[in-house]
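Input: a single structure, listed below in structure tokens.
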Amino acid sequence: MDRRLTHVFFDVTHTLLDVRGSVGEIYARCAARHGLQVEPGLVERSFQEAIAGIPQPVAPGLAEAEIQARERGWWHEVARRSLAPFGPFPDFEAFFAEVFEAFRHRDAWVLLPGVAEALRLFRTRGLRLGIISDIDSRLFDVLAAFGLEATFDVVCLSFRCGYQKPDVRLFHAALGLAGVPAAQAAHVGDSLRSDVQGALGAGMHAIHLDTTRDGGAPSGAHVVHRWSDLPALLERLGR
């Protein structure tokens with residue numbers, strides 16, 4: 001079987017982009033404008049608990065309006081649970097409307113160091129690029145804000161494809177959209193469970209972006225510690 005690399009997929013959060021500061025900081029600033037004073041660190045911890053405890057309501061084959069309704073409804077519940085421990089919040093709906101839109105814009109995000117340069121290099125080498133992520137449709141606006149809307153040939157998002165990482169069906173959906181066999185595709189991500197296990201299960205080259213050097217990558221996975229390490233690895237896999 002030919003395993004020469006032709007396509008590279010990427011996770012988004014903590015791989016391509018990071019939240020500017022933290023979600024807790026953004027939530028706290030927005031909540032203060034709507035009458036609720038909260039400590040950002042406490043909100044961040046509450047947010048992490050909330051997002052881990054609410055599975056995405058994904059399902060294949062949904063119409064566009066239903067996809068966007070499910071995305072917004074899921075984030076509404078995440079935000080509600082994140083702020084629930086801090087007392088009554090009469091203006092929650094106005095808060096949520098503002099904070100949901102905030103993450104659609106560039107100000108809420110930072111592009112990780114080396115990403116833009118590496119993506120340009122990969123394109124000049126003839127690699128086809130894609131995204132596999134559990135993030136929602138606001139990503140399209142964020143990519144446009146960073147000038148990356150034409151960089152990726154395939155964007156496969158859990159809400160739209162109907163499966164959530166590490167379900168191999170999400171990775172298979174991305175491969176199908178790209179028209180590439182798993183053996184000729186790689187996926188780069190920061191999460192051992194969501195990204196590495198999912199990619200390996202789908203038969204892809206799995207690349208763990210281990211910026212914190214925590215280790216733990218399973219046998220068969222490749223490991224890089226920074227974006228500047230990726231070009232040499234991808235060149236080797238492409239031979």
Side-chain angles (χ1 to χ4, degrees), residues 1-19 48 51-52 55-56 58 110-123 125-135 139 148 151-158 160-239:
M1 180 183 296
D2 188 354
R3 288 186 63 84
R4 286 176 297 178
L5 192 68
T6 61
H7 289 65
V8 186
F9 296 88
F10 300 90
D11 177 45
V12 174
T13 309
H14 308 312
T15 300
L16 294 172
L17 300 164
D18 260 340
V19 173
Q48 295 297 337
I51 201 168
Q56 288 184 356
V58 295
V110 292
L111 199 63
L112 289 182
V115 167
E117 298 83 357
L119 293 177
R120 284 195 295 270
L121 176 61
F122 300 154
R123 296 288 291 192
R125 288 182 177 178
L127 287 169
R128 305 296 294 273
L129 307 181
I131 285 173
I132 303 175
S133 176
D134 288 337
I135 204 167
L139 175 65
L148 297 175
T151 300
F152 299 99
D153 303 290
V154 170
V155 177
C156 188
L157 307 180
S158 55
R160 292 180 167 270
C161 295
Y163 308 101
Q164 188 174 4
K165 291 179 181 177
D167 193 324
V168 296
R169 289 174 294 181
L170 179 63
F171 295 84
H172 288 158
L175 294 169
L177 289 171
V180 61
Q184 295 178 4
H187 178 68
V188 181
D190 67 292
S191 170
L192 288 173
R193 179 178 180 272
S194 296
D195 297 306
V196 175
Q197 290 184 17
L200 288 176
M204 303 168 69
H205 299 278
I207 302 174
H208 183 211
L209 181 61
D210 183 17
T211 57
T212 56
R213 298 179 182 266
D214 290 332
S219 175
H222 305 277
V223 180
V224 295
H225 298 298
R226 53 191 177 270
W227 266 82
S228 59
D229 296 334
L230 266 175
L233 172 60
L234 296 183
E235 183 176 19
R236 187 165 72 250
L237 293 176
R239 292 173 186 155

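At least one side-chain heavy atom of L175 sits less than 4.5 Å from a side-chain heavy atom of F9. Side-chain contact between C161 and V58 is absent, with no heavy-atom pair separated by less than 4.5 Å. Counting heavy atoms from C-beta outward, V168 and Y163 have side chains that stay 4.5 Å or more apart. Looking at L209 and I207, their side chains never come closer than 4.5 Å, going by heavy atoms from C-beta outward.
Evaluation of the side chain to side chain donor-acceptor pair (under 3.5 Å) rule for Q197 yields no partner, not counting sequence neighbours. Scanning for side chain to side chain donor-acceptor pair (under 3.5 Å) contacts around S158 gives Q56, D134, with sequence neighbours left out.
A distance of 4.5 Å separates CG of L112 from CG of D18, quoted to the nearest 0.5 Å. One distance of note links NZ of K165 with CG of D167; it measures 12.0 Å at 0.5 Å rounding. The structure places CZ of R120 at 9.0 Å from CG of L148, a figure rounded to the nearest 0.5 Å. L200 contributes atom CG, which lies 9.0 Å from atom OG of S219 (distance to the nearest 0.5 angstrom). The OG atom of S194 sits 7.5 Å away from atom CD of Q164, with the distance rounded to the nearest 0.5 Å.
With hydrogens and angles disregarded, a donor-acceptor distance shorter than 3.5 Å links the side chain of D210 to the backbone of G215. No donor-acceptor pair closer than 3.5 Å links the side chain of H7 to the backbone N or O of A186. Here the side chain of R125 pairs no donor or acceptor atom with the backbone of L234 at under 3.5 angstrom. A donor-acceptor contact shorter than 3.5 Å links the side chain of R123 to the backbone of T151. Proximity of a side-chain donor or acceptor of H222 to a complementary backbone N or O of H208 within less than 3.5 Å is not detected.
Partner of L139 under the side-chain contact (heavy atoms from CB on, under 4.5 Å) criterion, chosen from I131, L16, T13: I131.
D190 and D195 make their closest contact through N-OD2, 3.3 Å (heavy atoms, listed as atom of the first residue, atom of the second, distance). Between T15 and G189 the shortest heavy-atom distance is OG1-CA, 3.5 Å. Heavy atoms only, all atoms of each residue included: A217 and L192 are closest at CA-CD2, 3.6 Å. For the residue pair L5 and A185, the shortest heavy atom distance occurs at CD1-C, 3.5 Å. Scanning both residues, V154 and A174, for their nearest heavy atoms gives CG1-O, 4.1 Å. In terms of heavy-atom proximity, D153 sits nearest to R128 at OD2-NE, 3.2 Å.
The aromatic rings of H187 and F171 lie perpendicular to each other, with more than 60° between the two planes, well past the 30° mark. Using cut-offs of 30° and 60° for the angle between ring planes, the F10 and F122 rings count as parallel.
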Requested in this report: Test side-chain contact (heavy atoms from CB on, under 4.5 Å) on W227 and T211 and set out the steps.
Outcome: CA-CA 9 Å; W227 266 82; T211 57; over 6 Å; no

